[in-house]
Amino acid sequence: MINNGELLNVKGLCVDFFTEEGIAHAVQDVGFSVNRGKTFALVGESGCGKSVTALSIMRLIPDPPGKIVAGQIFFHDRNLLELPEYQIRSVRGNHIAMIFQEPMTSLNPVYTIGEQIVEAIQLHQNKTESEAWELATEMLHKVGITDPRQRVTEYPHQMSGGMRQRVMIAMAISCKPELLIADEPTTALDVTIQAQILDLLDELQKQTRMSILLITHNLGIVAERAENVAVMYASKIVELADSRSLFDQPLHPYTQGLLKSLPRLGFTGKRLHTIPGIVPDPLHFPAGCKFHPRCPIGCNDKRCRTIEPQLRQLDSGRAVACWYAPGYEKPDDPKTL
């Protein structure tokens, strides 16, 4: 169950993909909560499990080859993983909506923009066709698309990337969801359009009090927009904190590396900091801490190479999975999350 301040609570989520090469552990023991009317950010490099986590919340993991093998996802007082398919369809797109990474591939190229928004509206709301078309036009206007009555008759290829992203947002908010999952909502957009899209989400959040789960690798966006942050690495959350604490004092070496790689005003170095190595293959994760082959500390520490630290609650209220983090308890301490 979740408390009064929480809208979504993910507990112990594990997702595997069963392939010919073996079992890929895409998400392992992931847990976090999203409060009502707030923005929660899930950050990390590509391939760490962010999008799989989002698709799991929506119950959109392709089966086969994927399967949610463990965990609970509470939305209000219901575990979404226990709902039959006909009930999850009433939640998906209605109470929980999602903006996907690539609007061009998420929109159907053979249907007009209006037809696709109207379909979503009529699926979840008691609207006549004419009422649904009127609402679709209103939604396009709300997300800042000019001449919406003309635009509803156009096809995705007739619009720019920024406009297609706005269409995706219009479709997502057309049923007034309580939770909006925004998966890399500004990918492949120029900085001006990025700012417009993010400002639009902020304004919609203020108007409707919806919660936002923001999935991104852009830490600059996180610093400005999110109240709480979870940092993912190689299928697991390695640090969980409020945004200010995370940026003021990152505890995990991976988080520290991410923040050091950000460009800053007045930077005079020849090159930006980079984290050595690559994200490990989910089919062949290293023993011990998954970050240890790339970590300046863990690569020389036997414990880091052999025993995987679990995400533990610190006295400060933050959580981290690193043997060297200040305040991290010994392995037999019962504070493991």
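These numbers come from a predicted model, not from an experiment.
- Looking at Gln122, its side chain never comes within 3.5 Å of a backbone N or O of Asn126 through a donor-acceptor pair.
- Taking Asp16 as the reference, His25 meet the side chain to side chain donor-acceptor pair (under 3.5 Å) condition, with sequence neighbours excluded.
- In this structure, the side chain of Ser211 engages the main chain of Asn35 through a donor-acceptor pair within 3.5 Å.
- A side chain to side chain contact (heavy atoms under 4.5 Å, CB included) with Pro253 holds for exactly one of Cys304, Cys322, Cys289; it is Cys322.
- Judged purely by atom type and a 3.5 angstrom limit, His252 has no side-chain atom pairing as donor or acceptor with the backbone of Ala325.
- Listed here is the closest heavy atom pair of Ile237 and Leu311: O-CD1, 3.8 Å.
- Scanning for salt bridge (charged side-chain N to carboxylate O under 4.0 Å, His left out) contacts around Arg149 gives Glu134, with sequence neighbours left out.
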Would you sort out whether Ile169 and Ile99 count as a side chain to side chain contact (heavy atoms under 4.5 Å, CB included), showing the intermediate values?
CA-CA 6 Å; Ile169 296 173; Ile99 304 170; 3.4 Å; yes

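- Defined by atom type and a distance below 3.5 Å, a donor-acceptor pair is present between the side-chain atoms of Tyr254 and Glu45.
- Listed for the Thr255 side chain is no donor-acceptor partner under 3.5 Å among the backbone atoms of Leu251.
- For Arg225, the side chain to side chain donor-acceptor pair (under 3.5 Å) criterion is met by Asp199, Asp202, not counting sequence neighbours.
- Ion pair Glu85/Arg92 flagged as a salt bridge, since at least one NZ, NE, NH1 or NH2 atom sits closer than 4.0 Å to an Asp/Glu carboxylate oxygen.
- Residues forming a salt bridge (charged side-chain N to carboxylate O under 4.0 Å, His left out) with Glu308 (at least two apart in sequence, or on another chain): Lys236, Lys290.
- Among residues at least two apart or in separate chains, there is no ring-ring contact (aromatic ring centres under 6.0 Å, His included) pair with a member in residues 199-221.
- Surrounding OH of Tyr111 are at most 12 heavy atoms belonging to other residues, nucleotides or ligands under 6.0 Å away.
- Paired with Val27 under the rule side chain to side chain contact (heavy atoms under 4.5 Å, CB included), one option of Leu55, Thr53, Val10 passes, and it is Thr53.
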Carefully, step by step, assess Leu246 and Val222 under the rule side chain to side chain contact (heavy atoms under 4.5 Å, CB included).
CA-CA 10 Å; Leu246 186 88; Val222 172; 5.6 Å; no

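- Judged by distance alone, with hydrogens and angles left aside, the side-chain atoms of Glu6 form no donor-acceptor pair with the main-chain N or O of Ser33 at under 3.5 Å.
- Annotation for Tyr86: hydrophobic cluster partners, listed by chain and number, are none (ILVMFWY side-chain heavy atoms under 4.5 Å, direct or chained).
- Counting only distance, with no hydrogens or angles, the side chain of Thr112 and the backbone of Glu154 share no donor-acceptor pair below 3.5 Å.
- By the 4.5 Å side-chain criterion applied to Ile, Leu, Val, Met, Phe, Trp and Tyr, Ile278 is assigned to no cluster and stands alone.
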Considering only distance and modelled atom types, tabulate donor-acceptor pairs under 3.5 Å from the side chains of residues 58-74, sequence neighbours left out.
from: Arg59; atom 1: NH1; to: Leu80; atom 2: O; distance (Å): 2.5
from: Arg59; atom 1: NH1; to: Leu83; atom 2: O; distance (Å): 3.0
from: Arg59; atom 1: NH2; to: Leu83; atom 2: O; distance (Å): 3.2

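- For Ser316, the side-chain contact (heavy atoms from CB on, under 4.5 Å) partners at least two apart in sequence or on another chain are Leu314, Arg318.
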What pairs of donor and acceptor atoms, side-chain ones from residues 227-234 against any protein atom, are under 3.5 angstrom apart with sequence neighbours left out?
from: Glu227; atom 1: OE1; to: Thr39; atom 2: N; distance (Å): 2.7
from: Tyr233; atom 1: OH; to: Arg294; atom 2: NH1; distance (Å): 3.3

Just do the side chain to side chain contact (heavy atoms under 4.5 Å, CB included) check on Leu259 and Phe247 with the steps written out, would you?
CA-CA 8 Å; Leu259 293 178; Phe247 282 86; 3.5 Å; yes

Please lay out, stage by stage, how Arg151 and Ile113 fare under the test side chain to side chain contact (heavy atoms under 4.5 Å, CB included).
CA-CA 7 Å; Arg151 294 296 187 180; Ile113 294 301; over 6 Å; no

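- His76 has its side chain within reach of Glu178: a pair of non-hydrogen atoms, C-beta onward, lies under 4.5 Å apart.
- Residue pairs meeting the ring-ring contact (aromatic ring centres under 6.0 Å, His included) criterion with at least one partner in residues 121-148, sequence neighbours excluded, are absent.
- Residues satisfying the side chain to side chain donor-acceptor pair (under 3.5 Å) criterion with Glu131, sequence neighbours excluded, are Thr128.
- Within the 4.5 Å cutoff, the side chain of Phe40 has no heavy atoms near those of the Leu8 side chain.
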